[in-house]
Amino acid sequence: MALFKIKFDLQKRVKLAQGLWLMYWFAVIAGALVFAMGLFFKIELRKNSELMDSNESHFVPNLLIIVGLLACGINAFGGKICYDSLDTAKFARWKTAMKPFLISCLAFNALLILTALFCFMMRIPLMFTLAEGLKNSMKFYKDTDTPGRCYMKRTLDQMQMEFKCCGNNNYKDWFEIQWVSNRYLDFSAKEVKDRISSNVDGKYLMDAVPFSCCNPSSPRPCIQAQLTNNSAHYSYDHYTEDLNIWKRGCRDALVSYYGGMLNTIGVLVILVTVLEVAVTVGLQYVNTAMSTLVNPEDPESESEGWILEKTVKETFTDIMAKAKAMRGSQVEDGEGGEGAVATVS
């Protein structure tokens, strides 16, 4: 028994084809939107690619770009089929291509579901790649004279000002690295000698942060040096006072920014998936309704359309039987080939 069987006359078939044609072009626009969002996300990742540990984070935007292009092509082709289904003579040339096209549509719907899952799951690997990337980038902040690293100071400063953050996890990450180049240190000064000699690795560490960590909204002039020394500043207690630097870590800020973008794109892909499933079901009705005309030479004759020719259980059983038959034929072909080789020997 066919699944969700519907009877069609000429008027119903025309309305179905016209409505489906319009939905297909909405799907083309949706595919273009997915492509645009993937391209935009890739550009946004590129802006901070120096702060990431690997290029694996570009897998999702690349997938979105490919899916968007495929959606435009598949849906434009489906729209053409629906337009031609208004004329039985024109639709006849598509009959042989309908089954492969419907199978490709199902595969594409599965790809859309996977893409949406990747969008929602990318937040976790993004967190790890940013944690390691930011940690390494901060070490190169001082290397303004080193080829290949001279841009890192500007990149980190722009990122901290744009995302209103400081350090990797928080502003105290700057206390653990030397972020001032030796070029700007007076090694004859007692303070510099004491700081370097007190450190096992011979680095100039201090309880200070770069200027880009300062919060311009604070009413007090920015205190970016000697942050833990209460006596160095008037009416200041770093344990209780609300510091006038950004307290939020940049990893959290970037993950939140990119994560929000990914969630939006994931919801968009889900909506596109729903639309794609709807047009695939509609196209199956068009295909079966055009193939079961009572009188193929009379376009006004009645017909029947369905989603599956049999029930879901029967269809699954048939697919498994065909798969076993194909596997059995391959085994027989292999044994026949071995027998022929043995005979020749």
Side-chain angles (χ1 to χ4, degrees), residues 2-4 6 13 16-39 59-88 90-119 265-266 268-292 303 305-312 314-327 330:
L3 185 67
F4 298 119
I6 300 175
R13 285 196 300 270
L16 175 63
Q18 289 176 339
L20 201 57
W21 177 84
L22 188 62
M23 288 176 67
Y24 262 118
W25 285 107
F26 274 122
V28 169
I29 296 171
L33 188 58
V34 170
F35 169 80
M37 291 295 287
L39 194 61
F59 170 74
V60 170
N62 290 338
L63 181 61
L64 287 167
I65 290 170
I66 293 170
V67 165
L69 290 173
L70 284 173
C72 291
I74 289 173
N75 290 310
F77 188 72
K80 173 62 176 172
I81 292 175
C82 290
Y83 182 79
D84 286 348
S85 67
L86 296 171
D87 186 344
T88 53
K90 288 183 179 179
F91 184 77
R93 63 183 178 181
W94 297 113
K95 283 187 177 180
T96 54
M98 284 302 297
K99 189 173 182 179
F101 180 68
L102 285 167
I103 292 172
S104 66
C105 287
L106 290 174
F108 180 65
N109 291 339
L111 178 62
L112 282 171
I113 294 170
L114 285 175
T115 304
L117 288 174
F118 281 132
C119 286
I265 296 173
L268 172 64
V269 174
I270 289 174
L271 293 175
V272 173
T273 305
V274 172
L275 182 58
E276 289 292 339
V277 170
V279 294
T280 302
V281 170
L283 188 62
Q284 171 66 357
Y285 273 116
V286 169
N287 178 40
T288 52
M290 295 298 292
S291 302
T292 58
S303 61
W306 53 77
I307 296 177
L308 293 174
E309 192 173 358
K310 300 177 182 179
T311 61
V312 176
E314 290 173 344
T315 303
F316 180 75
T317 304
D318 288 348
I319 291 171
M320 294 301 295
K322 288 179 181 178
K324 287 181 181 178
M326 288 177 63
R327 193 180 301 170
Q330 288 177 356

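Qualifying salt bridge (charged side-chain N to carboxylate O under 4.0 Å, His left out) partners for Lys95, counting only residues two or more places apart in sequence or in other chains: none. With sequence neighbours excluded, no residue forms a side-chain contact (heavy atoms from CB on, under 4.5 Å) with Ala36. A search for ring-ring contact (aromatic ring centres under 6.0 Å, His included) contacts involving Phe77 returns Trp94, Phe101, not counting sequence neighbours.
Here Leu117 contributes atom CG and Cys119 contributes atom SG; the two are 9.0 Å apart, rounded to the nearest 0.5 Å. Distance check, rounded to the nearest 0.5 Å: CZ of Phe35 to CG of Leu70 gives 11.5 Å. Annotation: the span from Lys99 atom NZ to Ser104 atom OG amounts to 13.0 Å, rounded to 0.5 Å. Between Glu276 atom CD and Met23 atom CE the span is 9.5 Å, to the nearest 0.5 Å. Rounding to the nearest 0.5 Å places CD1 of Ile81 at 5.5 Å from CG of Leu283.
You'll find the side chain of Leu63 stays beyond 4.5 Å of the side chain of Leu114, heavy atoms only. The shortest side-chain heavy-atom distance between Asn75 and Ile29 does not fall under the 4.5 Å cut-off.
Of all heavy-atom pairs between Cys105 and Ile74, the closest is SG-CG2, 4.1 Å. Heavy-atom minimum distance, Val279 versus Tyr24: O-OH, 3.7 Å. Closest heavy-atom contact between Cys82 and Leu20: SG-CD2, 3.4 Å. Pairing each heavy atom of Gly31 with each of Cys72, the nearest pair is C-SG, 3.8 Å. Taking every heavy atom of both residues into account, Leu275 and Ala27 meet most closely at CD2-CA, 3.5 Å. Taking both residues in full, the closest heavy atoms of Leu112 and Val269 are given as O-CG1, 3.3 Å, listed atom of the first, atom of the second, then distance.
No option in Val34, Asn109, Thr115 other than Val34 meets the side chain to side chain contact (heavy atoms under 4.5 Å, CB included) test with Val272.
Relative orientation of the Phe59 and Phe118 rings is perpendicular, given thresholds of 30° and 60° on the angle between their planes.
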One pair to check against side chain to side chain contact (heavy atoms under 4.5 Å, CB included): Met37 and Leu64. What are the steps and the verdict? CA-CA 8 Å; Met37 291 295 287; Leu64 287 167; 5.7 Å; no

